Amino acid sequence: MPAVSDRDLWDRAAEGDSEAFAQLYDRHARAIYNFLHRRTGSWSDAEDLTSAVFLQAWRRRGDIVLDRDSALPWLLRTADYTARNEWRSKLRYRRALAAAHLIHSEVEDPADDVARRLDDDRRIRAVQASMKRLPRQELEIVELCVWAGLDQAAAAVALDVPIGTVKSRLSRARKHLRELNLETQA
């Protein structure tokens, strides 16, 4: 029996079928979580933001019409916007605290006491620091095509650009990664 497509599940969820939405969550929550963890470098932030992405999806399920059989490109785009908004919010908060002379240094997240998470967070931050040397558009392509596993057509939908643009950005990103000696198995 063929699996039900995301588009069918989304349509059912738009009509109020919470079980259909739960199936979408089960299919894509891990990919969204991993995408957000790579973006934030924090397990706890990724958990919170994943919840926010799916809350946004639930709220907008009646407004959004999927143009593909997979909901993942739309969810990844929403995750990207959610992460950017969170980053801007934290930046404003830190600036306000700094302006009021209430902070002198970053406060460690209590969840970082777990050794496994600390090691994972340090590793992802080291990769992030290296990846920040890529232009933003190339970094987005690496995140979507390499880390999130989207094909080039799905990445084009997620970024709202032509597929040729995705191909050229991915090619340039690979070249830059080789130059940075960070080439991944893409």
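If you're wondering where the values come from, they're calculated on a predicted model, not measured in any experiment. All values below come from the heavy atoms of this structure, side chains included, with hydrogens, waters and symmetry mates left out. If you read the sequence from its start, that first residue is 1, and numbering goes on from there.
- Looking only at distances, no side-chain donor or acceptor of W74 sits under 3.5 Å from a matching main-chain atom of A57.
- The two residues R27 and A3 make their nearest non-hydrogen contact at NH2-CB, 4.4 Å.
- When all heavy atoms of L49 and A83 are compared, the closest pair comes out as CD1-CA, 4.2 Å.
- A salt bridge is absent between R61 and D17; no separation between the charged side-chain nitrogens and carboxylate oxygens falls under 4.0 Å.
- Checked by atom type and distance alone, the side chain of S89 never pairs as donor or acceptor with a backbone atom of N85 at under 3.5 Å.
- Heavy atoms from other residues, nucleotides or ligands lying under 6.0 Å from OH of Y25 number 12 at most.
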Handout entry: Step-by-step salt bridge (charged side-chain N to carboxylate O under 4.0 Å, His left out) determination, D80 to R39
Key = CA-CA 8 Å; D80 178 51; R39 271 289 170 94; 2.3 Å; yes
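- Under a cutoff of 6.0 Å and an axis angle of 45°, R84 and W87 do not form a cation-pi pair.
- Using a 4.0 Å cut-off between charged side-chain N and carboxylate O, E138 and R169 make no salt bridge.
- Note on D6 versus R68: no salt bridge recorded, every NZ/NE/NH1/NH2 to OD/OE distance being 4.0 Å or above.
- Using a 3.5 Å distance cut-off with no hydrogens or angles, the side chains of S42 and S44 do pair a donor with an acceptor.
- Of the possible donor and acceptor atoms, one in the side chain of N34 sits under 3.5 Å from a partner among the backbone N and O of R30.
- Put simply, the side chain of R38 gets close to the backbone of W147: a donor and an acceptor are under 3.5 Å apart.
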